[in-house]
Amino acid sequence: MVDHHELSRRLNVAQGGAADLDRLVADFFAQPCLAYSESTDQSRALVRQVLPDWHLHLGFGASGVLPYAALSLGDRHCEAEAGTVPLAILRCLMQAVSPPEAPGQTEPPPA
């Protein structure tokens, strides 16, 4: 099984959808293997399944070129940009399910 860090890294370097990436996402979240990295509908449905109470917002970044996804619940908020909407959603989802950091410990920046 892929760990959180490895899946996040793979999503951060992805340029588009890929079947192997979809398998990793499905395995990580214990969901059916669908086209999460290629389908906005499938990636949105995954968010609803994994984080049913969270609010998902989609838009374009400040440049107006790259899509972004934002997830929020109460005072928790995360957002991510990517070359495609599904990848932005998946990157943001991984941030939202990140385990809390230990004091003095940080994750390496995305590749």
Side-chain angles (χ1 to χ4, degrees):
M1 180 165 161
V2 67
D3 68 9
H4 183 276
H5 177 72
E6 177 62 16
L7 180 53
S8 294
R9 186 192 69 75
R10 294 279 306 270
L11 286 167
N12 285 333
V13 299
Q15 299 295 313
D20 62 327
L21 189 55
D22 294 330
R23 280 189 296 277
L24 293 174
V25 169
D27 288 347
F28 184 82
F29 290 106
Q31 297 294 314
C33 189
L34 303 172
Y36 301 111
S37 64
E38 296 177 3
S39 168
T40 300
D41 290 339
Q42 294 299 334
S43 56
R44 290 179 68 192
L46 180 62
V47 169
R48 284 191 303 272
Q49 181 70 28
V50 174
L51 302 173
D53 296 329
W54 288 61
H55 174 73
L56 173 64
H57 175 78
L58 301 173
F60 286 92
S63 69
V65 176
L66 292 177
Y68 80 91
L71 280 164
S72 57
L73 177 68
D75 63 349
R76 293 203 52 204
H77 180 82
C78 56
E79 57 185 61
E81 287 187 353
T84 68
V85 173
L87 288 176
I89 293 170
L90 294 172
R91 289 177 185 181
C92 192
L93 176 60
M94 291 306 292
Q95 289 178 30
V97 300
S98 290
E101 294 176 5
Q105 177 184 2
T106 59
E107 279 194 353

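With rounding to the nearest 0.5 Å, the separation of CG in Asp41 from CG in Leu46 is 12.5 Å. Here the CD-OG1 distance, from Gln15 to Thr84, works out to 9.5 Å after rounding to the nearest 0.5 Å. To the nearest 0.5 Å, the span separating CG on Leu87 from SG on Cys92 amounts to 12.5 Å. Separation of atoms CG (Leu56) and CG (Leu73) is listed at 13.0 Å; rounding is to 0.5 Å. For the atom pair Glu81 CD and Leu66 CG, the distance stands at 5.0 Å (nearest 0.5 Å). If you take SG on Cys78 and CG on Leu71, they are separated by 5.0 Å, rounding to the nearest 0.5 Å.
Qualifying ring-ring contact (aromatic ring centres under 6.0 Å, His included) partners for His55, counting only residues two or more places apart in sequence or in other chains: none. Applying the side-chain contact (heavy atoms from CB on, under 4.5 Å) rule to Gln49 yields the partners Gln31; only residues at least two apart in sequence or on another chain are considered.
No side-chain heavy atom of Tyr36 sits under 4.5 Å from any side-chain heavy atom of Ile89. Side-chain contact between Leu7 and Leu21 is present, with at least one heavy-atom pair separated by less than 4.5 Å. Between His4 and Ser98, the closest side-chain pair of non-hydrogen atoms falls below 4.5 Å. Residues Val97 and Leu93 meet the side-chain proximity criterion, which asks for heavy atoms closer than 4.5 Å. The shortest side-chain heavy-atom distance between Phe28 and Met94 falls under the 4.5 Å cut-off.
Pairing each heavy atom of Thr40 with each of Leu58, the nearest pair is CG2-CD1, 4.4 Å. Smallest separation of non-hydrogen atoms from Ala96 and Arg76: O-NH2, 3.0 Å. Contact between Gly17 and Ser37 at its shortest, heavy atoms only, is CA-OG, 3.2 Å. Annotation for Ala80 and Ala88: closest pair O-CB, 3.7 Å, computed over non-hydrogen atoms.
In this structure, Leu11 is a member of the same hydrophobic cluster as Leu24, with clusters built from ILVMFWY side-chain heavy atoms closer than 4.5 Å.
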Test side chain to side chain contact (heavy atoms under 4.5 Å, CB included) on Tyr68 and His57 and set out the steps.
-> CA-CA 8 Å; Tyr68 80 91; His57 175 78; 3.0 Å; yes

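A donor-acceptor contact under 3.5 angstrom links the side chains of His77 and Glu79, judged on distance only.
Checking side-chain atoms of Arg91 against main-chain N and O of Asn12 turns up a donor-acceptor pair under 3.5 Å.
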